[in-house]
Enquirer: 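Handing you this structure, nothing more for now.
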Amino acid sequence: MLKRVLRFSLLILSVCFCTCGLADTFDFNDFAIVDSNYSDILPKDVELNSDATIASVGSFDIAGIMLGMSFEDIQSLFFKTNGLYAPRNHNGIIYTIHPDWRNNLDYECRQQGIVIPTELEKCINSLARNRGLLYVSQVHLVRENTGETIVVYFTSNATDNRVWRVVYNNDVNEIEGAAEKFAKQRENKILYFWQSVLDKYGSPNSGTDRWISSTNSYDPMLIAYYGALDLVDNGRNATDQVKNTKTAREHFHAKPYAF
């Protein structure tokens with residue numbers, strides 16, 4: 001296995017990066033490792049409202065979290081200080097291997113005769129960690145006294161493990177019962193939330209619920225829902241996905257066929 005690691009590592013130095021010292025801080029076995037899946041991201045055309053101007057969405061933040069931040073930035077804000085938000089108790093950090101790299105490593109491990117599912121998973125995760133292919137893909141934050149949550153999404157190490165999406169949720173859309181008083185309470189919560197959104201970000205410049213950097217849906221945008229905010233940079237994520245797919249294909253560790 002060591003020879004395989006050394007031989008392969010020379011090929012991926014230009015596209016894979018270290019896990020930024022996480023091995024010295026965390027035990028990877030204590031955290032969930034899942035396949036990436038962002039099928040809910042479907043970029044749609046966006047239009048600028050009449051008389052509206054382009055917004056600098058790239059400088060927007062949600063609870064201090066901005067697009068392009070590193071995982072170390074998030075650590076400093078929420079792991080090392082007693083702020084408004086803290087990592088959730090179970091699986092506050094989610095690690096991911098890009099599916100194309102996982103396929104490569106699965107094949108490589110099987111070539112070593114490893115087929116038992118649990119051992120195969122250990123082999124894949126070990127190789128991915130050693131080669132900088134295992135990365136922090138999500139951080140889940142909670143604010144216990146209000147029930148608010150924030151999920152921070154990161155690109156892979158191939159593009160420096162940067163924030164490309166921040167999803168905020170609260171309970172303004174929830175209602176305790178059907179009585180008129182509960183409906184009124186819900187309306188008041190939504191009104192307060194929406195007014196707070198307008199106070200922070202200004203009026204939407206695309207439709208009634210979007211702040212856009214340009215009419216290109218792959219540029220940073222903020223989308224507001226009842227009790228939710230979605231700050232997203234589809235372009236950053238798309239670049240990361242393409243880079244991983246391309247380099248994984250180039251470095252697939254196939255047998256040395258000769259004919």
Side-chain angles (χ1 to χ4, degrees), residues 1-41 70-72 74-75 79 87-140 151-165 236-259:
M1 180 183 293
L2 179 58
K3 290 182 179 179
R4 288 176 179 271
V5 170
L6 292 174
R7 190 165 57 242
F8 191 82
S9 62
L10 293 175
L11 295 174
I12 63 174
L13 281 175
S14 61
V15 296
C16 300
F17 301 84
C18 70
T19 50
C20 304
L22 289 177
D24 298 329
T25 309
F26 299 110
D27 181 350
F28 285 91
N29 295 323
D30 291 339
F31 297 93
I33 301 175
V34 301
D35 290 336
S36 59
N37 179 18
Y38 303 120
S39 57
D40 62 320
I41 294 295
S70 66
F71 173 65
E72 287 74 18
I74 304 305
Q75 273 188 304
F79 287 71
R88 68 183 181 186
N89 291 330
H90 182 61
N91 290 336
I93 301 175
I94 303 295
Y95 291 94
T96 293
I97 306 168
H98 188 277
D100 291 333
W101 283 111
R102 175 177 282 276
N103 288 338
N104 284 13
L105 299 180
D106 181 284
Y107 179 83
E108 186 176 341
C109 289
R110 288 179 185 277
Q111 297 311 300
Q112 299 176 34
I114 302 173
V115 294
I116 299 174
T118 55
E119 294 303 313
L120 185 61
E121 189 69 13
K122 287 181 181 179
C123 177
I124 291 171
N125 291 341
S126 178
L127 291 179
R129 182 170 65 250
N130 292 336
R131 298 173 184 178
L133 299 172
L134 185 65
Y135 65 96
V136 175
S137 63
Q138 298 175 31
V139 169
H140 292 255
V151 183
V152 187
Y153 297 86
F154 298 84
T155 62
S156 74
N157 294 330
T159 51
D160 299 327
N161 204 202
R162 299 285 173 168
V163 174
W164 72 271
R165 188 183 186 191
R236 187 184 295 269
N237 179 53
T239 298
D240 183 67
Q241 296 297 319
V242 169
K243 187 168 186 177
N244 275 289
T245 298
K246 181 176 182 294
T247 53
R249 185 183 299 121
E250 292 172 351
H251 298 110
F252 181 74
H253 200 59
K255 295 178 180 178
Y257 299 122
F259 49 88

Enquirer: Taking only residues two or more places apart in sequence or in another chain, which ones pass side-chain contact (heavy atoms from CB on, under 4.5 Å) with V151?
Expert: Q138, H140, Y153
Enquirer: How close do Y107 and H253 get, counting heavy atoms only, and between which atoms?
Expert: CE2-O, 3.4 Å
Enquirer: Who passes side-chain hydrogen bond (donor to acceptor under 3.5 Å, both in side chains) against S156, sequence neighbours left out?
Expert: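 Expected list: D240, N244.
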Enquirer: Provide the closest heavy-atom pair for N157 versus G132 in the form atom of the first, atom of the second, distance.
Expert: ND2-O, 2.8 Å
Enquirer: For the residue pair W164 and T159, establish whether any side-chain heavy-atom pair is separated by less than 4.5 Å.
Expert: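 Not touching, per the 4.5 Å side-chain cut-off.
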Enquirer: State, to 0.1 Å, how close N161 and Y135 come at their nearest heavy-atom pair, and which atoms those are.
Expert: ND2-CD1, 3.8 Å
Enquirer: Just how far is it from atom CD1 of I114 to atom CD of E121, taken to the nearest 0.5 Å?
Expert: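 If we round to the nearest 0.5 Å, I114:CD1 and E121:CD are 12.0 Å apart.
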Enquirer: If I compare all heavy atoms of F79 with all of I74, which pair ends up nearest, and what's the gap?
Expert: CD1-O, 3.8 Å
Enquirer: Report yes or no: does R249 contribute a side-chain atom to a donor-acceptor pair with the main-chain N or O of F252 at less than 3.5 Å?
Expert: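 No: the side chain of R249 does not pair with the backbone of F252.
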Enquirer: Search all heavy atoms of Y95 against all heavy atoms of V136 and return the closest pair with its distance.
Expert: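 That closest heavy-atom pairing would be CE2-CG2, 3.4 Å.
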Enquirer: Holding to salt bridge (Lys or Arg N to Asp or Glu O under 4.0 Å), I want the full list of residues that pass it with R162, two or more places apart in sequence or in another chain.
Expert: none
Enquirer: Nearest 0.5 Å please: distance from the CZ atom of R236 over to the CG atom of D160.
Expert: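 Rounded to the nearest 0.5 Å, the CZ-CG separation comes out at 9.0 Å.
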Enquirer: Do L127 and E108 touch side chain to side chain, with heavy atoms closer than 4.5 Å?
Expert: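 Counting from C-beta outward, L127 and E108 do come under 4.5 Å.
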Enquirer: Can you list the residues that meet the side-chain contact (heavy atoms from CB on, under 4.5 Å) rule with R110, with sequence neighbours excluded?
Expert: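 If we apply the side-chain contact (heavy atoms from CB on, under 4.5 Å) test to R110, skipping adjacent residues, the hits are D106, V115, L120.
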Enquirer: Roughly how far apart are I93 CD1 and R88 CZ, rounded to 0.5 Å?
Expert: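 Taking CD1 in I93 and CZ in R88, the distance rounds to 11.0 Å.
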Enquirer: Would you name the heavy atoms of L105 and L133 that are closest together and state the gap between them?
Expert: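 Looking at all heavy atoms of both residues, the shortest contact is CD1-CD1, 4.2 Å.
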Enquirer: May I have the step-by-step check of side-chain contact (heavy atoms from CB on, under 4.5 Å) for T96 and F154, ending in yes or no?
Expert: CA-CA 10 Å; T96 293; F154 298 84; over 6 Å; no
Enquirer: Taking only residues two or more places apart in sequence, or in another chain, which ones meet D100 in a side-chain contact (heavy atoms from CB on, under 4.5 Å)?
Expert: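 Scan of D100 (side-chain contact (heavy atoms from CB on, under 4.5 Å), adjacent residues dropped) gives H98, N103, T245, A248.
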Enquirer: What residues, two or more places apart in sequence or in another chain, satisfy side-chain hydrogen bond (donor to acceptor under 3.5 Å, both in side chains) together with K246?
Expert: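 Partners of K246 by the side-chain hydrogen bond (donor to acceptor under 3.5 Å, both in side chains) criterion, ordered by chain and then number, come out as E250.
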Enquirer: To the nearest 0.5 Å, what is the distance between CD on E119 and SG on C109?
Expert: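 So the CD of E119 and the SG of C109 are separated by 10.5 Å.
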